[in-house]
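Some notes on the structure that comes next.
Naming convention: chains lettered A, B, ... in sequence-line order (proteins, then strands); numbering from 1 in each chain.
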Number of protein chains: 2
Amino acid sequence: MIDPASGVPAWRQLADDLRRRVAAGEWSPGARLPSESRLMQETGLGRTTVRRAIAALRAQGVVEVQHGWGTRVPQAREVERIVAEPGSVVTTRMPTPAERATFDVPDGVPMLVVIGPDGIADAYPGDRAQVDIL
Amino acid sequence: MIDPASGVPAWRQLADDLRRRVAAGEWSPGARLPSESRLMQETGLGRTTVRRAIAALRAQGVVEVQHGWGTRVPQAREVERIVAEPGSVVTTRMPTPAERATFDVPDGVPMLVVIGPDGIADAYPGDRAQVDIL
DNA sequence: TATAATTTGTGCGTATGTATA
DNA sequence: TTATACATACGCACAAATTAT
């Protein structure tokens, strides 16, 4: 799984792998991800490397870490995670009055706009969505 | 170049190829891309298929098309195109007062926030930036 | 000014494969 | 299984815009 000769840092390979598995729904929200020790065993990596991967995922909001308990996918996921295909373009703008009405977007919240490879644009309220690039 | 047996529609393969070549700077802004007829010759595709690929790129702002002249990379590119690495997360929010000052962001313009695979976040004014996923 | 060549815009019909009812 | 709908892809013809001769 982790390829030391690929040129990609090991912590990044592990983070990428975990991010993909979270996006695939391997762990339901609230469920515990493998512990640091377990990840060390499964991957053969050191603790520093494993922790660095998890730190990156925490910063991205992909996982939550609770001291003494473990790592989990955020429970009530207030943000929808949109997986952007290669060939997409992501922009942002303020919502139109129509979008404010249909999505019930609060004042001061921008929209995330994903223009797919087919040129079709989808807009999501910025307080409830984020785009994952896998 | 275009592989009919790949399962990916031919127009999408062509669009992806052209998008990558534009991002690589193969055509400087204002320069003319190959005409529809040329792309038909080079790829062996029909005109409908070639035009569909270009339509997708137009919708994404990757190219501009001028009737009777041709297709070009937008001249004065008012938006900065950020290429997002796999493993990144894209969100949006309104700028902080500090960002408004340093970037000179007009009222009502949100920020595009790219959190890299390393967990480091970069924010760009939404009216001057968009994220490409290659 | 006029003409021709090139290029994109638009509309038509046809065929094939795939997903859905 | 059949029928329907949709996406993809091809070919053709003509209109409109641009540029060079």
When both distances are under 3.5 Å in a Watson-Crick or G-U wobble arrangement, the nucleotide paired with C/dG17 is D/dC6

B/R72 atom CZ is separated from D/dA17 atom P, nearest whole Å, by 16 Å

Assign each of B/A10 and B/G68 the nucleotide of DNA chain D bearing its closest heavy atom; nearer the 5' end lies the nucleotide of B/A10

If pairing means Watson-Crick or G-U wobble with both distances under 3.5 Å, then the partner of D/dT1 is none

B/R32 CZ to D/dA20 C1', in whole Å, measures 11 Å

Separation of C/dT8 atom C1' from B/R38 atom CZ, nearest Å, is 17 Å

DNA chain C nearest-nucleotide lookup for B/S35 and B/T48: closer to the 5′ end is B/S35

Inset, instruction - Kindly say if B/R51 contacts the phosphate of C/dT8, meaning a side-chain N or O under 4.0 Å from OP1 or OP2. - result: no

Ignoring backbone atoms, test whether B/T71 places a side-chain nitrogen or oxygen under 4.0 Å from the OP1 or OP2 oxygen of C/dT8.
-> yes

**OP:** Examine A/R32 relative to A/W69 and say whether NZ or CZ is less than 6.0 Å from the centre of the six-membered ring and inside a 45° cone about the ring axis.
**Re:** yes

Quick one: is D/dC10 close enough that its OP1 or OP2 comes under 4.0 Å of any side-chain N or O from B/T49?
yes

Side-chain atoms of B/W11 come closest, of D/dT8, D/dT18, C/dG9, to D/dT8

Report yes or no: does B/R93 contribute a side-chain atom to a donor-acceptor pair with the main-chain N or O of B/V113 at less than 3.5 Å? no

Which is true for B/R47 with a 4.0 Å heavy-atom rule: it touches a base, it touches only sugar-phosphate, or it touches nothing?
base

note: B/L14, atom CG; D/dA9, atom C1'; distance rounded to Å ~ 13 Å

Between CG of B/L39 and P of D/dC10 the distance, given in whole Å, is 13 Å

note: A/D118, atom CG; D/dT8, atom C1'; distance rounded to Å ~ 13 Å

| task | Using modelled atom types only, decide if a donor and an acceptor are shared between the side chain of B/R128 and the backbone of B/F103 within a distance under 3.5 Å. | result | yes

Original post:
Quick check: does any side chain N or O of A/R81 sit under 3.5 Å from a backbone N or O of A/A23, one acting as donor and the other as acceptor?
Top reply: no

From CZ of B/R52 across to C1' of D/dG11 the rounded distance in Å is 17 Å

- According to the 5.5 Å centroid and 30° plane-angle thresholds, does B/H67 stack upon the nucleobase of C/dG9? no

Report yes or no: does B/S28 contribute a side-chain atom to a donor-acceptor pair with the main-chain N or O of B/A31 at less than 3.5 Å? no

>> Over all strands shown, is B/R58 touching base, sugar-phosphate only, or nothing at heavy-atom distances under 4.0 angstrom?
In response: sugar-phosphate

B/M40 CE to D/dA9 P, in whole Å, measures 14 Å

Practice problem: Report yes if at least one side-chain N or O of B/W69 is closer than 4.0 Å to OP1 or OP2 of C/dT8; otherwise report no. | Solution: no

